[in-house]
2 protein chains.
Amino acid sequence: MTAHRTTTAKDVAAVAGVHPSTVSRSLDPLRASLVREETRQRVIAAANELNYRPDLIASGLRRQRTHTIGVLVPDLGNPVFAEFTGGINRRLERADYTAILLETQNQHERFQTGARLLSERRVDGIISGATRAGDRRTLRQLVQSGIPVVMAMRWIRGLEIPIVANDDLRGGALAAEHLISLGHRRLAQLHGADDIETFRERGIGFHGTLARAGIDDADQVRYAKLQTAAEARKLMRALLQACDEPPTGIFAHNDLMAVGAIEALKEQSLRCPEDVSVIGFNDMPLTEHLAPPLTTIRMPTAEIGRVAAETVLSMIDGASSPAVTISLQPRLVVRGSTAPPRR
Amino acid sequence: MTAHRTTTAKDVAAVAGVHPSTVSRSLDPLRASLVREETRQRVIAAANELNYRPDLIASGLRRQRTHTIGVLVPDLGNPVFAEFTGGINRRLERADYTAILLETQNQHERFQTGARLLSERRVDGIISGATRAGDRRTLRQLVQSGIPVVMAMRWIRGLEIPIVANDDLRGGALAAEHLISLGHRRLAQLHGADDIETFRERGIGFHGTLARAGIDDADQVRYAKLQTAAEARKLMRALLQACDEPPTGIFAHNDLMAVGAIEALKEQSLRCPEDVSVIGFNDMPLTEHLAPPLTTIRMPTAEIGRVAAETVLSMIDGASSPAVTISLQPRLVVRGSTAPPRR
DNA sequence: GTGAAAGCGCTAACAC
DNA sequence: GTGTTAGCGCTTTCAC
């Protein structure tokens, strides 16, 4: 193997017969006009000849800009977050920014080390898509260190940090309205983890809409630690055992939980949607191909990513951190897992 | 907003009453032994007090190591690649490395700009998980520039670049063996894109095993441009129209295509598995909850990521690039979408 | 065991 | 218009 030294601006300068700073100017679109056209052409020719790639690390050190955004997500295996990061990536790309994606696995310790890593890498901004109740201090420290931070998808209250998220209150309400309008009165929730505001909002939105219709689901809410099919199945079993008459409508806080619920129903020879209607959340891939195809709430996930990126970029440019909340609207996707209750 | 200056080694040095180079030594585990214990404690105290975070950018510039690996994937929305990057991330983390993930969307141009971006960021190594036939030149350039490169998941022949991948030849063979052993003789393939070696291998593995059993599927192979359910549905329709007697067994090159195939069968009132067996590939999330639950081939995706990361790290350390191919073994997951053919 | 000096590759400020 | 100089924050010689 040849000992490799990457070509630098100095090398290009030597070939073009100019000073390194002229190389720098010629190659930066913003300052190219400062250079005589003829000189610039010579530099570009030399750069191409040597296959020169400016060192963004060195440039970043000098400019105090890394053109990098740190993104914290709970888990890339979750298709919702894959879509979210897709939205971020597409927006950042247009601005010549790159994302560093870190998975927290819903663990505060990983959130914390992730945050530390990102500040050591001097990212220009951070999008926290994995925020949970326990992360408050860490987020406050980030803000205090002067780095622009945005909470997206998941968020907590009482921080001076912009929020870009789905309107989960509305999402829960949509689910309730749908089931009520079908004629359901005995309703239950398979509730996501209690320390994630997203799920609390979904729960409140659902509960509130029920209350306004004179329905109470207070005894019929079961909380999951992890929003998996397996855990939902257990919760659903317990729910069925605990009540004389099973509910006729179930709101599961995500699609995997809805799937688990339907399986638990099958175990008890209850059919979906004939005996019990089930509605999920997220509209993840393949849900339309399930039996029955899942009725669910779809949120504008990629759009949330896009707007979150936009927001953090504007904070990097503009001075002030607008402590705003941007709510994007979810919508109901009706498929086969919900139907009117049996007479 | 306060104008923020992040604290530097110089600041810490001032507080601890030492020289910046002593700060550097004290905080690097490898060189901490060069510093008197008492001094080191003073430095650490000062660093904590000031909440000092060493600047990895500056450190990288000096050491000519960014502790960053670039990873090119076709699409993070594809759960297989989410799992793959998970495997990479977990391994890199242990080595204090960070990944930069870039999505190519299966477009050569994006592969190329991605590669350029990664070299400008001076990543210490690259894992190409998105390799397609057209990317040969770009990969060769990367190698020539002296940067360690590994092809994982997807790969092409004839490059002096290590390969870490699923044994797709074996995967295709597993699918064939399963269908043959159930008693199927009329078989067809819904084949993934022709410019991705992965799919060619699956096709050859399937075809070869059939041939050895005296079965020919040559007329019964339909090629997709994109491996989606929608496209598979169309291909399957065409396939059914083109033949008098439909095949009794279908090998779809991924799970989405298998789902599309099953839907096309339903349109023609053909049932799966009673009339036609369908086997997929990947074992993506929710496949076990489909109706029927999908029989599929599972590959050790996270493990491929882990080994790819391991390989690129060893190339960064050790000098030579071992032009090896590491094949990991897939396995058959039998569920409900395959059964013996009807008499 | 610690300090001083130099330099990684780039670019901003200044000089001419 | 282009060259010169200096410095981003760190680490690595080399002194002492």
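These values consider heavy atoms only, across backbone and side chains, with no hydrogens, waters or symmetry-generated copies. Below, chain A is the first sequence line, B the second, and so on; all start at residue 1.
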Whole Å only: how far is the [atom1] atom of [X] from the [atom2] atom of [N]?
| X | N | atom1 | atom2 | result |
| --- | --- | --- | --- | --- |
| B:E38 | C:dG1 | CD | C1' | 12 Å |
| A:R53 | C:dC8 | CZ | C1' | 20 Å |
| B:R121 | C:dG9 | CZ | P | 18 Å |
| B:H19 | C:dA6 | NE2 | C1' | 11 Å |
| A:R62 | C:dC10 | CZ | P | 13 Å |
| A:L27 | C:dC10 | CG | P | 10 Å |
| B:Q64 | C:dG9 | CD | C1' | 8 Å |
| A:D55 | C:dG7 | CG | C1' | 14 Å |

Start with the C-alpha distance between A:R121 and B:T68, add both sets of side-chain angles, then the distance that settles side chain to side chain donor-acceptor pair (under 3.5 Å), and finish with yes or no.
CA-CA 10 Å; A:R121 296 206 160 236; B:T68 309; 2.6 Å; yes

The answer to which of B:V18 and B:A58 contacts DNA chain C further toward the 5' end, by nearest nucleotide, is B:V18

When all nucleic acid strands are considered with a 4.0 Å heavy-atom cut-off, which category describes B:T8: base, sugar-phosphate, or nothing?
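Sugar-phosphate contact only - B:T8 comes under 4.0 Å of backbone atoms but never of a base.
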
Over all strands shown, is B:T22 touching base, sugar-phosphate only, or nothing at heavy-atom distances under 4.0 angstrom?
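The residue B:T22 makes sugar-phosphate contact but no base contact.
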
Counting just side-chain N and O atoms, does [X] come under 4.0 Å of either OP1 or OP2 of [N]?
| X | N | result |
| --- | --- | --- |
| B:T39 | C:dT2 | yes |
| A:S21 | C:dT11 | no |
| B:R63 | C:dC8 | no |

With sequence neighbours excluded, residues passing ring pair (Phe, Tyr, Trp, His ring centres under 6.0 Å) with A:H108
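Testing A:H108 for ring pair (Phe, Tyr, Trp, His ring centres under 6.0 Å), a comparison that skips the adjacent residues, returns none.
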
Quick one: which protein N/O atoms are closer than 3.5 Å to N/O atoms of nucleotides 14-16 of chain C? Pair and distance per line, please.
none

Please tell me which of B:I57 and B:R31 maps to the more 5' nucleotide of DNA chain D, matching each residue to the nucleotide holding its nearest heavy atom.
B:I57

Any donor-acceptor N/O pair, [X] side chain to [Y] backbone, under 3.5 Å:
| X | Y | answer |
| --- | --- | --- |
| B:R154 | B:S128 | no |
| A:E103 | A:L76 | yes |
| B:S24 | B:P20 | no |
| A:R40 | A:A32 | no |
| B:D124 | B:H67 | yes |

Ignoring hydrogens and angles, state whether a donor on the side chain of A:R42 or A:S26 is under 3.5 Å from an acceptor on the partner side chain.
no

Heavy atoms, side chains only, cut-off 4.5 Å: are B:D11 and B:Y52 in contact?
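Not in contact.
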
First-last contacting nucleotides on DNA chain D - partner chain A, under 4.0 angstrom, heavy atom
D:dG1 to D:dG9

Do other residues, nucleotides or ligands put more than 12 heavy atoms under 6.0 Å from the CZ atom of B:R31?
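Enclosed.
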
